[in-house]
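Take a look at the structure below.
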Amino acid sequence: MRRLTWFNTTALTFGFAFLYLPVVILVVYSFNSSRLVTVWAGFSTKWYFELLQNQLFIDAAWVTLRVAAISSTIATILGTMAAYVLVRSARFYGRTLFSGMIYAPLVMPEVITGLSLLLLFIGIGLDRGLVTIILAHTTFSMCFVSVVVSSRLANFDRSLEEAALDLGCTPFHAFCLVTLPNIAPAVIAGWLLAFSLSLDDLVIASFTAGPSATTLPIRIWSSVRLGVSPEINALSTLLIAMVSIGVITAALISKRNLLRQN
Amino acid sequence: MGRFFLIATPYFWLLALFLVPFFIVFKISLSDPDIAIPPYVPNLNWNEGWPGLSDFLTQLDFENFGFLLTDDLYWKAYLSSLRIAVLSTFLTLLVGFPIAYGMARAEPRWRPTLLLLIILPFWTSFLIRVYAWIGILSTEGYLNQVLQFTRIIESPLTVLNTPTAVYIGIIYTYLPFMVLPIYASLERMDLSLLEAAEDLGCSRISAFWLITVPLARAGIIAGCFLVFIPVLGEIVIPSLLGGSDTLMIGKVLWEEFFNNRDWPLASAVAVVLLIVLIIPIILFQRNELKQREAEGS
């Protein structure tokens, strides 16, 4: 396969340059001292200070974090249950519908999900706010959790669980003591995925948020529709830095665990 | 008892918050707009019993769907979304396949790092990644600055607010969705098959088409669906990068709902979009389940 290496190297170089260059430019220009975003006028961190004084963004950030923390936790519990059902229960009434409802939200355009949830909330008379965003985010992110967890669960040796049952464990105890520690990496990955999906979501939140609760993406959206601004560049840089540190830390931890197991 | 609880909890959650809402969208798509809260009539009045229900049912009609057919804007938006979705899926495959291939054939010790580099943008905010392109593609943007500085062009190119910008935005943001499934299927591939083909006189290129591509098929199909289906309803990218002439149905739905406050018409747009998508969604699920079974056995 040696002869193809030049092709692979070029493909990877251009591919990753395409993926990372726009983000790098964004980060670099967040330290630009000029308000004109595309003209470099020297290094400055003033946009970060302006950002930290903008109460609208800080309030929105708190709402977003609360929504993400709560919805991802509920989604992880429900998604793990759903994964367990999908992998372990070969047949029950409505299984096809169930697996359909797990897979469909993964690709469903967000405008449809958002609109339908809003009309449901209006129909049952639930006021739009924090609760409705949490319900909406839990619903779509539990499906992502269940897909992540079920692929791990499918590879897990079931006889270990059966051994625990033979030795007198209740099914619930067997799950907590044997299965859960084994699928824990996938459950944690699922939680992180649900958390970042919630942090990121604009469209569904726009439909389900009320005037009392505005999330950070909604704030950013209404600001970027007016064009590029240095404060948004600074905010983007902070968010990118947070996510990168989180993902890289998670990757390093899982690598260390893998080495330890071997 | 425990088993029932285990199945019922996620099941009823999804029924109540995923399936039932679709029926509500359908019901409201048959209603008429009204200046009220909520902004549509009729509303079912349970207190009136059967007469109330029959009164309610007779007031529902397919008028909104008729309007979608007769008004140019809507079917043009559907067709233009389909065209954009098909073409951008193909372009994403064209860009994504070589990356996935390069990753799968890289030295094993590099693969986790490469995988992390592909996944990292996927975790970063979608909105921010689209936003990053505004500064690049605008008339005074970085792309024009570089091209003019290097004297490749004399006057700045207009890219922002054109369909080209929308395609670039879609390829950029959806690339990880294409690369990951293709990488997964290529990485599992047994390379000795290629050696066997070459020993038997196959050229490198025909071995690629006869062996590598068919073995990556499930990954390619999954990747294409993961791009095509969400792009069809895309709203953020055409709103930020596209101009007023880039029609996409997700954007039309959004404007109908938030700007015109015509909820019944927005619901009708959503129902038609869902009907268009139902076949691709079912095919995607089949492909996923088949892959699952292939992995399990």
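Numbers restart at 1 for each chain; the letters A, B, ... are given by sequence-line order, proteins then strands.
- Taking the side chain as every heavy atom from C-beta outward, A/Ile220 and B/Tyr131 never approach each other to under 4.5 Å.
- For chain B, the nearby part of A/Leu118 is the side chain; its heavy atoms alone come within less than 4.5 Å.
- Of all heavy-atom pairs spanning A/Ala104 and B/Gln285, the tightest one is N-NE2, 3.3 Å.
- Looking at A/Leu193, both its backbone and its side chain come within 4.5 Å of chain B, counting heavy atoms on both sides.
- In this structure, chain B has heavy atoms under 4.5 Å from both the backbone and the side chain of A/Leu119.
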After noting the C-alpha distance and the side-chain angles of B/Phe225 and A/Val107, does the key distance pass the side-chain contact (heavy atoms from CB on, under 4.5 Å) rule? CA-CA 8 Å; B/Phe225 280 127; A/Val107 287; 5.6 Å; no
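- Ranked by heavy-atom pairs shorter than 4.5 Å toward chain B, the options A/Val247, A/Leu19, A/Thr113 are led by A/Leu19.
- The two residues A/Ser116 and B/Pro21 have their closest heavy-atom pair at O-CB, 3.4 Å.
- Side-chain atoms of B/Trp254 and A/Phe207, non-hydrogen and from C-beta on, do get closer than 4.5 Å to each other.
- With a 4.5 Å cut-off on non-hydrogen atoms, B/Leu232 does not touch chain A at all.
- A/Phe195 does not touch chain B: none of its heavy atoms, backbone or side chain, sits under 4.5 Å away.
- Proximity to chain A (any heavy atom under 4.5 Å) is shown, for B/Phe22, by both the backbone and the side chain.
- Interface remark: A/Phe121 contributes side-chain atoms only to the contact with chain B (heavy atom separation under 4.5 Å).
- When heavy atoms are compared at a cutoff of 4.5 Å, B/Glu288 approaches chain A solely by way of its side chain, counted from C-beta outward.
- Residue B/Ala104 does not touch chain A at all, counting heavy-atom pairs closer than 4.5 Å.
- Of the atoms belonging to B/Ile99, heavy atoms from both backbone and side chain fall under 4.5 Å from chain A.
- Proximity to chain A is absent for every atom of B/Phe97, based on heavy atoms less than 4.5 angstrom apart.
- The contact between B/Tyr172 and chain A is made by backbone and side chain atoms together, counting heavy-atom distances below 4.5 Å.
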Between B/Ser125 and A/Leu199, does the side-chain contact (heavy atoms from CB on, under 4.5 Å) criterion hold? Intermediate values first, please. CA-CA 8 Å; B/Ser125 167; A/Leu199 217 57; over 6 Å; no
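- For a residue to count as touching a neighbouring chain, one of its non-hydrogen atoms must lie under 4.5 Å from one of that chain's; by this rule A/Asp201 does not touch chain B.
- Neither the backbone nor the side chain of A/Pro171 comes within less than 4.5 Å of any heavy atom in chain B.
- For B/Phe23, the CZ atom is loosely surrounded, since the number of other residues' heavy atoms within 6.0 Å does not exceed 12.
- In this structure, B/Ile136 and A/Ile25 have side chains that are in contact, with non-hydrogen atoms separated by less than 4.5 Å.
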What's the verdict on side-chain contact (heavy atoms from CB on, under 4.5 Å) for B/Phe257 and A/Val111, showing C-alpha distance, side-chain angles and the deciding distance? CA-CA 10 Å; B/Phe257 188 88; A/Val111 274; over 6 Å; no
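- Only the side chain of B/Phe258 comes within less than 4.5 Å of a heavy atom in chain A; its backbone stays farther off.
- Contact annotation for A/Leu78: both backbone and side-chain heavy atoms come within less than 4.5 Å of a heavy atom of chain B.
- Heavy-atom minimum distance, A/Ile112 versus B/Ala270: CD1-O, 4.0 Å.
- B/Ile205 CD1: 12 or fewer foreign heavy atoms inside a 6.0 Å radius.
- Residue B/Ile279 places its CD1 atom among 12 or fewer non-hydrogen atoms of other residues, nucleotides or ligands, all under 6.0 Å distant.
- When all heavy atoms of A/Val203 and B/Ile235 are compared, the closest pair comes out as CG2-CG2, 4.0 Å.
- Side chain of A/Tyr20 to backbone of B/Leu117: a donor-acceptor contact under 3.5 angstrom is found.
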May I have the step-by-step check of side-chain contact (heavy atoms from CB on, under 4.5 Å) for A/Leu97 and B/Leu15, ending in yes or no? CA-CA 9 Å; A/Leu97 178 67; B/Leu15 273 183; 4.2 Å; yes
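- In this structure, B/Leu17 CG and A/Leu135 CG are separated by 6.0 Å, a value rounded to the nearest 0.5 Å.
- A/Ala251 touches chain B through its side chain: at least one heavy atom from C-beta onward sits under 4.5 Å away, while N, CA, C and O do not.
- Counting only heavy atoms from C-beta outward, the side chains of B/Leu19 and A/Met101 approach each other to under 4.5 Å.
- Only the side chain of B/Ile28 comes within contact range of chain A, judged by heavy atoms closer than 4.5 Å.
- For a residue to count as touching a neighbouring chain, one of its non-hydrogen atoms must lie under 4.5 Å from one of that chain's; by this rule A/Met142 touches chain B with the side chain only.
- Residues B/Pro121 and A/Val23 have side chains not in contact (no heavy-atom distance under 4.5 Å, counting atoms from C-beta outward).
- Using a 4.5 Å cut-off between heavy atoms, A/Ser150 contacts chain B through its side chain alone, with no backbone atom that close.
- Atom CH2 of A/Trp40 is surrounded by more than 12 heavy atoms from other residues, nucleotides or ligands within 6.0 Å.
- For A/Phe16, the part sitting under 4.5 Å from any heavy atom of chain B is the side chain, from C-beta outward, and nothing else.
- Counted within 6.0 Å of CZ on A/Phe92, heavy atoms from surrounding residues, nucleotides or ligands total more than 12; the atom is thus considered enclosed.
- Checked against the 6.0 Å centroid threshold, B/Phe18 and A/Phe140 do not count as a close aromatic pair.
- Heavy atoms of B/Val236 lying under 4.5 Å from chain A belong to its backbone as well as its side chain.
- Of the two parts of B/Trp123, the backbone and the side chain both hold a non-hydrogen atom closer than 4.5 Å to a non-hydrogen atom of chain A.
- Side-chain contact check for B/Ile281 versus A/Tyr103: every heavy-atom pair is 4.5 Å or farther apart.
- Two residues are said to be in side-chain contact when any heavy atoms from C-beta on lie closer than 4.5 Å; B/Pro98 and A/Phe14 fail this criterion.
- Here the side chains of A/Cys143 and B/Leu14 are in contact, with some heavy-atom distance below 4.5 Å.
- B/Tyr11 places a side-chain N or O within 3.5 Å of a backbone atom of A/Gly94 that can act as its donor or acceptor partner.
- The shortest non-hydrogen separation linking B/Ala132 to A/Pro22 is CB-O, 3.9 Å.
- There is no contact between B/Ile249 and chain A, counting heavy-atom distances below 4.5 Å.
- In this structure, chain B has a heavy atom under 4.5 Å from the side chain of A/Leu26, while its backbone stays farther away.
- Residue A/Leu12 touches chain B through its side chain alone, counting heavy-atom pairs closer than 4.5 Å.
- Neither the backbone nor the side chain of B/Ile282 comes within contact range of chain A; no heavy atom of the residue lies under 4.5 Å from a heavy atom of that chain.
- Closest non-hydrogen pair, B/Phe126 versus A/Asp200, comes out as N-OD1, 3.0 Å.
- When heavy atoms are compared at a cutoff of 4.5 Å, B/Thr173 does not approach chain A at all.
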